**Q** 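Right, I'll just put the structure down here and ask away after.
Everything numeric here is computed off the predicted structure, so don't read it as measured data.
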Amino acid sequence: MATDIPPRPDYEPTVAPAAEPISKEAPEFTRGDRIKAAFAEQRAHVAARGKHWMSTADLTDAEIIDAALREREQERAQLIAQLERRIVMARSRAAQARQMARYDDGGSNAAHIAHLEGEAAGLGAQLDMLRKQMPDLITDREIDRTRTKKKAQRAGAVAAGTLAAPALLGAAAEQAANGQPMILAALGVAAGYGWYLVSRPFDAGQPAPAPTEQLAAPVADLTKPEPMPGVRDFNAPPPPALTVDELDQALRNIGEVKSNEQIQIWAMPQRDKDGNTTVVFDLPPRTTVAELKKKLSRLAGALGRDVSMVDIQKAGTEVRTSLWMTDRDPFEDVRPSPLLRKPSQIDSWKDGVPVAWNKRGITIHLAITNKSYVIAGMTRSGKGVGASNLVVGAAFDPRINLRIVAGKNNGEWDPYAKTGVASTYFKPSPERLLALLNALLVDKDRREADLGKLGKSKMVAPVIEQVGGMEMLVIDEVATYTRPGKPLREEILEALIELSAVAAGAGIILVLITQYPEADVIPQALSMNCGAKWAMRVENATQSNAILGAGQASAGRDASKFDPPRPGFGWLVDPFAGVTDLARSFDLDEDERGEITMLLGKAAAIREKHGRLAGQWEDPIERHLLNATGLSSAAGGPKRDGIPGRNTLNHTPEQRMQMDALRGCLKAMDALGRDGAQLKEMAEIIGGSMTEVRLGQLLRDGGAGPTVKVEIPGLGRRNGYQRADIAEALEFLEGR
């Protein structure tokens, strides 16, 4: 049944107008003609829009000015970066020149160093001016140049898109042919949508985005957001740790700059990647860098730092100051010795021995030349580790003859004897020490005569080997021999003072180590002749001055004020190497890690190659000791334990191999836990290239006789050797 539907109130029916008759003379418009007409209209819109975009008419003058400002800032940033690189290179060349000058026999090239430092300061001044320079207003010429550049960029983008389109379509067609038609379809959809955007009616007031802007827009990187105006970029460098105003105020607070005086900044404070800051400035003419150094601790406090975190160096003139500071204590962590990383031969005269690092983290090399050393500090202050760095490093120079006199009966210095590195080594014996000092005084006369024949007034690098090498006498715990009331104290002190005064020029140097830095232990007449001094933690300023020299504590170098104290940390003063600085010795452990024995094994291999192991060369000092005492302390004596004994270094190489085999058998019996053993099992324990046949031959040649029947657990009686026979043969060979 039909239902009447009421009409919608908003609906008004329309009637199509009657079609007008088409004249037979009018042209007939097909569907293709209408498409062509529509496409022509769209092309007109695209052309208008493209012309408008290519002419940059869519960019206002404000936007062009912003672009010009960005370009100017980029150019300024590039210039600043270039100046910073040049400053770093200039400072690096100056530091390298200073390092080379330390060990130059002819003296440092002060003019060259000053030129490099002046160049760095001048570049720093340019950088300062550039940073302070206020930007100029953008000119019409810059605006025109920026708009022209924008037009060129857009033209290039269109050209790139035109050239890339055929290749892109070709690649898509190839993928479609290979069974991936969706790629071609997707490309067609994207192209159609892009055409739709740019072919709409063009309104010059609000133009639609140009096609190249739509298709070439970069993908947003959400991991690196664009910085908002006024907000610091995540990748921006950190602010300087020190401003000019803060520096100026700190200098005024300590009274170094008065109210009517100013400082001249040459290199602005810059923080490097390690958090360190360096600034170069000129003090007022009234004062000097040396005077400022005396106030270092007060300046550090004014800057909110510890004294170990601030460093002052003269940068050319007496008033030009290089101030370095850091945010973290540079001595907080320990560092391993560089020798552990590269244990190779050292030229200790030219390059020095690595012993410590300074505030700036630079390795300090002490040259072993015409000067003696004092290393002192309280118990557990790390003086032993500091001394070990020096002596172990010296072992890597085969031209140095090491004479070690221990102050205790423990095994601290035994590794030097066991590896054969120590030409002389013995434990506490005042009589033998006095004999050794007298032998060195006699050898001093011989050396001076040889130097005279060579036309030299003192030891220089080219003649070291011609006069028998350098002599380094190490006396550990020197107070054992020089404290009041000790046997032969006066004679020993007299010989030490004479050696320190006149023998250094002949290549005989002293290394004195003590935990009692007092005037009666190391008298001034002895201390003043020791050019290099290392003061670790002590109890009071008097003890510090006893090491470093009178008045040093009042000048700011006080080893009693280390807070906190650290093992191996102290004042290191070596004017010959240009070092007067806080320093911490490298970590070098023997008891837990066996590092000293390992390094001395490497040093022994170097010395053996040059024929300078104990016993490989004719040693006039040990010959003198043997004649005077009847006992030898070469390489620590017969057992290499610091106990002098009968001369063992006159044995033939065959006899030394026999003694080594006899000692190895005794150790093997100790490992087996019995007093009798077979050749086979002892050879296996000795290891290396030792065989049963070789061991039997060495034992017979060494006087142990033929094999006998010995009781072997689980096997009964077998052919072997008894401990008593082995020990008797060894004693006979050692001369005991």
Side-chain angles (χ1 to χ4, degrees), residues 96 98-105 335-358 362-373 375 385-404 413 415-417 419-425 459-474 504 507-511 513 531-532 534 568 572 574 576-579 583-590 595-614 616-617:
Q96 185 178 10
R98 286 194 299 270
Q99 187 74 11
M100 295 296 294
R102 292 181 183 178
Y103 312 112
D104 185 1
D105 293 338
R335 296 188 184 185
S337 168
L339 290 174
L340 294 171
R341 183 172 60 254
K342 188 179 180 182
S344 56
Q345 184 171 335
I346 288 176
D347 185 341
S348 62
W349 183 285
K350 178 182 177 182
D351 301 325
V353 173
V355 297
W357 74 94
N358 64 10
I362 300 172
T363 297
I364 297 175
H365 293 78
L366 292 183
I368 299 177
T369 53
N370 301 321
K371 62 178 181 291
S372 294
Y373 301 80
I375 303 175
V385 178
S388 293
N389 276 276
L390 177 64
V391 182
V392 169
F396 279 85
D397 189 338
R399 302 171 301 175
I400 296 179
N401 308 323
L402 285 174
R403 317 283 179 186
I404 300 175
W413 297 92
Y416 295 84
T419 55
V421 167
S423 300
T424 296
Y425 170 53
M459 179 74 77
V460 290
V463 301
I464 291 178
E465 297 181 31
Q466 298 180 54
V467 296
M470 297 281 293
E471 291 286 341
M472 176 183 276
L473 171 59
V474 181
I508 301 175
I509 63 175
L510 308 176
V511 178
I513 310 166
W534 200 347
L572 179 57
D574 184 355
F576 297 93
V579 176
R584 188 175 185 185
S585 66
F586 292 114
D587 186 25
L588 200 57
D589 177 75
E590 173 63 18
E595 292 171 342
I596 292 178
T597 294
M598 184 275 289
L599 287 176
L600 290 176
K602 303 286 186 181
I606 294 172
R607 287 176 170 260
E608 184 177 20
K609 180 180 178 181
H610 290 81
R612 298 300 290 182
L613 273 179
Q616 286 186 309
W617 56 288

**Q** Specify the closest pair of heavy atoms between A583 and I364, including all atoms of both residues, with the distance to one decimal.
**A**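 It is CB-CD1, 3.7 Å.
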**Q** When you look at D351 and H365, which way does the side chain to side chain contact (heavy atoms under 4.5 Å, CB included) test go after all the steps?
**A** CA-CA 7 Å; D351 301 325; H365 293 78; 5.7 Å; no
**Q** Between atom NZ of K602 and atom OG1 of T419, what is the distance when rounded to the nearest 0.5 Å?
**A**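 Between K602 NZ and T419 OG1, I get 13.0 Å after rounding to 0.5 Å.
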**Q** Closest approach of K350 and D347, non-hydrogen atoms and distance?
**A**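 Distance-wise, the nearest heavy atoms are N-OD1, 3.2 Å.
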**Q** Going by side chain to side chain donor-acceptor pair (under 3.5 Å), name the residues that satisfy it together with S337, two or more places apart in sequence or in a different chain.
**A**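 Side chain to side chain donor-acceptor pair (under 3.5 Å) list for S337, sorted by chain: empty.
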**Q** Under the 3.5 angstrom rule, does the side chain of N358 hit a backbone N or O of I362 as a donor-acceptor pair?
**A**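 Yes, N358 side chain to I362 backbone: donor-acceptor pair under 3.5 Å.
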**Q** Quick one: pull up CG in N389 and CD1 in I596 and give me the separation to the nearest 0.5 Å.
**A**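 So the gap between those two atoms works out to 8.5 Å.
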**Q** Could you check whether any side-chain heavy atom of L339 comes within less than 4.5 Å of a side-chain heavy atom of E595, counting everything from C-beta outward?
**A**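 No, every pair of side-chain atoms sits at 4.5 Å or beyond.
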**Q** Set out, in order, the CA-CA distance, both residues' side-chain angles and the distance that settles side chain to side chain contact (heavy atoms under 4.5 Å, CB included) for Q345 and K609, then state yes or no.
**A** CA-CA 11 Å; Q345 184 171 335; K609 180 180 178 181; over 6 Å; no
**Q** Measure from NZ or CZ of R399 to the centre of the six-membered ring of W349, then state whether that distance is under 6.0 Å and the direction lies within 45° of the axis.
**A**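 No, cation not above the ring by the 6.0 Å, 45° rule.
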**Q** Apply side chain to side chain contact (heavy atoms under 4.5 Å, CB included) to the pair D574 and K371, showing each step before the final yes or no.
**A** CA-CA 9 Å; D574 184 355; K371 62 178 181 291; 3.0 Å; yes
**Q** Would you find more than 12 non-hydrogen atoms of other residues, nucleotides or ligands less than 6.0 Å from E465 atom CD?
**A**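 Atom CD in E465 is not crowded, with 12 or fewer foreign heavy atoms closer than 6.0 Å.
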**Q** Check whether any side-chain heavy atom of I513 sits under 4.5 Å from a side-chain heavy atom of Y373, and report yes or no.
**A**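 No, every pair of side-chain atoms sits at 4.5 Å or beyond.
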**Q** So do the side chains of I400 and R607 get within less than 4.5 Å of each other, counting heavy atoms only?
**A**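 A side-chain contact exists here, since the closest heavy-atom pair is under 4.5 Å.
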**Q** Contact between L572 and S585 at the side-chain level, heavy atoms closer than 4.5 Å - yes or no?
**A**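 SC-SC contact between L572 and S585 ruled out.
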**Q** List the residues meeting ring-ring contact (aromatic ring centres under 6.0 Å, His included) with Y425, not counting sequence neighbours, and say none if there are none.
**A**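 With sequence neighbours excluded, Y425 shows a ring-ring contact (aromatic ring centres under 6.0 Å, His included) to no residue whatsoever.
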**Q** Main chain of S423, side chain of N401: is a donor-acceptor contact present, judged purely on distance under 3.5 Å?
**A**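 No: the side chain of N401 does not pair with the backbone of S423.
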**Q** Once you round to the nearest 0.5 Å, how far does CG of L588 lie from CG of L390?
**A**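 If we round to the nearest 0.5 Å, L588:CG and L390:CG are 11.5 Å apart.
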**Q** In Å, rounded to the nearest 0.5 Å, how long is the span from CE of M470 to CE of M459?
**A**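 Atom-to-atom, M470:CE and M459:CE are 6.0 Å apart.
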**Q** Nearest 0.5 Å, what's the CZ-OG distance between F586 and S388?
**A**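 Going from the CZ atom of F586 to the OG atom of S388 covers 14.0 Å.
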**Q** Where do V421 and A395 come nearest, in terms of heavy atoms and distance?
**A**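 Closest pair (atom of V421, atom of A395, distance): CG1-CB, 3.7 Å.
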**Q** Can you name the closest pair of heavy atoms from G393 and I346 and give their distance?
**A**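 Residues G393 and I346, closest heavy atoms: O-CD1, 3.9 Å.
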**Q** Drop me the distance from I508's CD1 to L473's CG, to the nearest 0.5 angstrom.
**A**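 Result: 9.5 Å between the selected atoms.
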**Q** Among all residues two or more places apart in sequence or in another chain, which pass the side-chain contact (heavy atoms from CB on, under 4.5 Å) test with S372?
**A**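 With neighbours one apart ignored, the set is I509, L510, C530.
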